[in-house]
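Taking it in order: structure first as structure tokens, then the write-up.
Every chain is numbered from 1, with letters handed out A, B, ... down the list of sequences. Since this is a predicted model, take the numbers as computed values, not measurements. For the numbers below, each heavy atom of this structure counts, side chains included, while hydrogens, waters and symmetry mates do not.
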Amino acid sequence: DTGVSQDPRHKITKRGQNVTFRCDPISEHNRLYWYRQTLGQGPEFLTYFQNEAQLEKSRLLSDRFSAERPKGSFSTLEIQRTEQGDSAMYLCASSFETYEQYFGPGTRLTVT
Amino acid sequence: SQQGEEDPQALSIQEGENATMNCSYKTSINNLQWYRQNSGRGLVHLILIRSNEREKHSGRLRVTLDTSKKSSSLLITASRAADTASYFCATDAYGNNRLAFGKGNQVVVIP
């Protein structure tokens with residue numbers, strides 16, 4: 001068990017550019033979650049998958065955001081036409097069914 | 001929007017003392033969970049309490065839940081410097097593990 005990994009750990013981009021983050025869950029976990037966390041706040045739910053099916057998307061997830069989990073393994077979160085308000089820590093977590101979630105170290109996005 | 005609201009927001013205590021933090025929420029829940037976050041280990045699950053439970057213990061942690069008041073408390077006994085972290089409560093309204101986190105309590109334990 002190597003834990004949840006995320007790549008990259010840091011990303012600096014210019015406003016208007018597209019960015020993509022990757023999350024590799026714990027291998028036997030069938031559920032994968034994406035959260036966003038800004039300074040001084042708790043994580044905010046964005047979306048989650050059970051296997052390859054995306055079961056729910058938060059209203060926070062605008063049309064510029066898309067997430068995929070092909071083959072029910074790793075997941076990607078893409079943000080198109082980034083805005084300064086997208087600057088945050090993007091956290092990925094995984095779980096087996098509805099048991100406890102294990103979080104990755106996060107990807108810190110800075111939009112300049 | 002944040003479901004939970006922890007209180008107090010920041011707490012500074014001496015090593016060996018107990019630390020108590022509270023969380024209130026607005027809607028009915030299936031369960032409530034507490035997480036710890038520090039720079040070294042990221043966000044880590046501490047304990048889960050179900051809506052039909054009133055109190056739960058895990059090591060030095062004690063969690064209570066009052067569904068009539070829509071509130072929970074986390075007690076850390078005999079605190080250690082390593083307990084320095086931010087603590088978040090998170091509610092699961094439907095038992096599907098879709099969590100709504102509060103804003104967090106920052107706890108500093110002074111050696």
Side-chain angles (χ1 to χ4, degrees), chain A residues 1-10 21 23-26 29-51 53-61 67 69 88-108, chain B residues 1-10 21-27 29-51 56 58-59 61 63 72 74 85-107:
Chain A
D1 178 0
T2 58
V4 178
S5 60
Q6 293 187 244
D7 185 69
R9 295 290 304 276
H10 303 274
F21 309 140
C23 171
D24 286 89
I26 293 171
H29 286 182
N30 59 344
R31 289 195 170 208
L32 186 147
Y33 313 79
W34 285 99
Y35 295 85
R36 180 173 67 188
Q37 185 176 24
T38 53
L39 200 61
Q41 301 294 317
E44 294 176 295
F45 170 83
L46 294 178
T47 187
Y48 83 101
F49 294 82
Q50 176 152 318
N51 301 313
Q54 188 172 19
L55 296 187
E56 185 176 347
K57 291 172 60 174
S58 164
R59 284 171 290 179
L60 291 173
L61 219 62
R69 192 183 182 198
M89 177 75 85
Y90 289 84
L91 296 167
C92 174
S94 69
S95 73
F96 176 71
E97 298 295 335
T98 59
Y99 291 97
E100 67 177 270
Q101 294 183 34
Y102 290 79
F103 281 79
T107 295
R108 183 170 296 284
Chain B
S1 63
Q2 297 288 336
Q3 167 75 312
E5 293 284 343
E6 288 88 356
D7 174 47
Q9 296 292 311
M21 57 208 88
N22 300 306
C23 165
S24 61
Y25 55 92
K26 297 181 175 64
T27 65
I29 60 171
N30 175 279
N31 66 76
L32 184 144
Q33 304 176 31
W34 285 89
Y35 283 79
R36 179 182 64 211
Q37 186 176 40
N38 59 32
S39 57
R41 292 199 59 196
L43 202 63
V44 175
H45 179 270
L46 294 177
I47 194 166
L48 179 153
I49 186 165
R50 301 194 185 283
S51 60
K56 202 162 184 180
S58 176
L61 305 179
V63 171
S72 173
L74 172 67
S86 292
Y87 292 82
F88 296 93
C89 72
T91 54
D92 180 355
Y94 303 109
N96 60 0
N97 230 5
R98 186 239 199 258
L99 299 180
F101 282 82
K103 292 182 181 177
N105 269 283
Q106 190 170 3
V107 175

Heavy-atom contact with chain A under 4.5 Å, split by part of B:Leu99:
both
Please determine whether side chain to side chain contact (heavy atoms under 4.5 Å, CB included) holds for the pair A:Glu100 and B:Leu48, giving the CA-CA distance in whole Å, both sets of side-chain angles, and the decisive distance to 0.1 Å.
CA-CA 8 Å; A:Glu100 67 177 270; B:Leu48 179 153; over 6 Å; no
Which heavy-atom pair separates [X] from [Y] by the least distance, and what is that distance?
X: A:Pro43; Y: B:Leu43; answer: CG-CD2, 3.9 Å
X: A:Gly42; Y: B:Phe88; answer: CA-CE2, 3.4 Å
X: B:Asn97; Y: A:Ser95; answer: ND2-OG, 3.5 Å

Just by distance, with hydrogens left out, do A:Gln101 and B:Gln33 show a side-chain donor and acceptor under 3.5 Å apart?
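Side-chain D/A pair, A:Gln101 to B:Gln33: absent.
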By a 4.5 Å heavy-atom criterion (distance strictly below it), what part of [X] contacts chain B: side chain, backbone, both, or neither?
X: A:Arg31; answer: side chain
X: A:Tyr35; answer: side chain
X: A:Gln37; answer: side chain

What residue pairs, at least two apart or across chains, pass salt bridge (charged side-chain N to carboxylate O under 4.0 Å, His left out) with a residue in residues 92-101 of chain B?
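Qualifying pairs: A:Glu56-B:Arg98.
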